[in-house]
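Heads up: the structure comes next, in structure tokens.
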Amino acid sequence: METIFVKENEQARKWYIIDAAGKSMGRVAAKAASIARGKNKATFTRNQLMGDFVIIINADKVALTGGKEQKKIYYHHTGFVGGLRAHTYEKLAEKHPTDPMRIAVEGMLPNGRLGRKMMDCVKIYAGAEHPHAAQNPQPVEL
């Protein structure tokens with residue numbers, strides 16, 4: 001028996017589109033991370049960039065349950081002493097509507113170089129418009 005090893009540059013990469021309007025943020029992020037990693041392919045290799053491109057539209061209309069709009073807190077550190085900053089989902093989404101979805105997808109991808117490359121394959125837009133119509137993305141149902 002022989003193991004088939006597909007090289008990154010020989011792999012055919014497709015484009016998919018996910019409409020997040022009214023859907024749970026975690027489910028949308030999990031599906032996008034799975035496709036970006038390549039887990040939906042038979043040739044999945046965990047140490048290579050084998051995933052496809054994912055477009056997430058209407059990221060600002062995503063649904064949150066259990067009052068997370070006020071309760072969910074996002075932290076970041078400025079790098080200075082005492083520089084820990086905290087924002088609720090409402091304030092973060094008001095200022096940067098795509099950031100909560102980006103943070104959710106990043107958290108489901110591997111850490112390091114490969115994870116950052118995979119995140120480059122995920123395009124997130126707040127509205128229904130996107131500039132990737134020429135790639136003819138296929139819709140994904142959740």
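The model shown is predicted, which means the values in this text are computed figures rather than measured ones.
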For the pair Asp52 and Arg37, evaluate side chain to side chain contact (heavy atoms under 4.5 Å, CB included) and give the outcome as yes or no after the intermediate values. CA-CA 7 Å; Asp52 295 321; Arg37 260 196 105 174; over 6 Å; no

Checking Met50 against Glu8 for the side chain to side chain contact (heavy atoms under 4.5 Å, CB included) test, could you report, in this order, the C-alpha distance in whole Å, the side-chain angles of both residues, the deciding distance, and whether it holds? CA-CA 6 Å; Met50 303 300 269; Glu8 285 182 32; 4.2 Å; yes

Begin with the C-alpha distance, continue with both residues' side-chain angles, and end with the deciding distance and a verdict on side chain to side chain contact (heavy atoms under 4.5 Å, CB included) for Ile17 and Ile57. CA-CA 7 Å; Ile17 187 165; Ile57 58 172; 4.0 Å; yes

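The shortest heavy-atom contact between Pro97 and Pro100 is O-CD, 3.8 Å. Minimum interatomic distance between His77 and Gly79 (heavy atoms only, all atoms of both residues): ND1-N, 2.9 Å. Scanning all heavy atoms of the two residues, the minimum distance from Ala29 to Ala104 falls at CB-CB, 3.8 Å.
Taking Asp60 as the reference, nothing meets the side-chain hydrogen bond (donor to acceptor under 3.5 Å, both in side chains) condition, with sequence neighbours excluded.
Tracing side-chain contacts under 4.5 Å through hydrophobic residues (I, L, V, M, F, W, Y), one reaches Ile18 starting from Leu109; they form part of the same cluster. Cluster membership check: Met119 does not share its hydrophobic cluster with Met108, using side-chain heavy-atom separations under 4.5 Å among Ile, Leu, Val, Met, Phe, Trp and Tyr. Val28 and Ile55 are not part of a single hydrophobic cluster, where members link through side-chain heavy atoms under 4.5 Å apart. Linking Ile, Leu, Val, Met, Phe, Trp and Tyr whenever their side-chain heavy atoms come within less than 4.5 Å leaves Tyr75 and Leu92 in two separate clusters.
More than 12 heavy atoms of other residues, nucleotides or ligands sit less than 6.0 Å from atom CZ of Arg13. When the shell of 6.0 Å around CG of Asn47 is examined, it contains more than 12 heavy atoms from other residues, nucleotides or ligands.
Thr45 has its side chain out of reach of Val6: every pair of non-hydrogen atoms, C-beta onward, lies at least 4.5 Å apart. The closest side-chain heavy-atom distance from Gln11 to Thr43 is below 4.5 Å. You'll find the side chain of Val54 stays beyond 4.5 Å of the side chain of Lys31, heavy atoms only. Lys23 is not listed as a side-chain neighbour of Val62, based on a closest heavy-atom distance of 4.5 Å or more. Using a 4.5 Å heavy-atom threshold, the side chains of Thr88 and Glu69 count as separate. Taking 4.5 Å as the limit, some side-chain heavy atom of Met25 sits within range of a side-chain heavy atom of Met101. The side-chain heavy atoms of Tyr74 and His76, taken from C-beta on, include no pair separated by under 4.5 Å. By the 4.5 Å heavy-atom criterion applied to side chains, Ile56 and Asp19 are not counted as neighbours.
Summarising the geometry, atom OG1 belonging to Thr98 is positioned 12.5 Å from atom NZ belonging to Lys123; distances are rounded to the nearest 0.5 Å. Interatomic distance, Asp120 CG to Leu49 CG, rounded to the nearest 0.5 Å: 9.0 Å. Between the CD atom in Gln48 and the NZ atom in Lys117 there is a gap of 9.5 Å [rounded to 0.5 Å]. Atom-to-atom distance recorded for Leu64:CG and Ser24:OG is 7.5 Å, nearest 0.5 angstrom. In this structure, the separation between NZ on Lys71 and OH on Tyr89 is 15.5 Å, given to the nearest 0.5 Å. Taken from CD1 in Ile103 to CD1 in Ile124, the straight-line distance is 9.5 Å, to the nearest 0.5 Å.
Tested against Glu90 for a side-chain hydrogen bond (donor to acceptor under 3.5 Å, both in side chains), the candidates Gln70, Lys72, Lys68 yield a single pass: Gln70.
Under the 4.0 Å criterion applied to side-chain N and carboxylate O atoms, Arg102 and Asp99 are assigned as salt-bridge partners.
Relative ring orientation between Phe53 and Trp15 is described as parallel, the plane-to-plane angle staying below 30° on a 0-90° scale split at 30° and 60°.
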Return all side-chain donor-acceptor pairs below 3.5 angstrom for residues 128-140, not counting sequence neighbours, or 'none' if the list is empty.
residue	atom	partner	partner atom	Å
His130	ND1	His132	N	3.2
His132	NE2	Tyr125	OH	2.6

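In this structure, Lys14 fails the cation-pi test against Tyr16, since its NZ or CZ atom is not both closer than 6.0 Å to the six-membered ring centre and inside 45 degrees of the ring normal.
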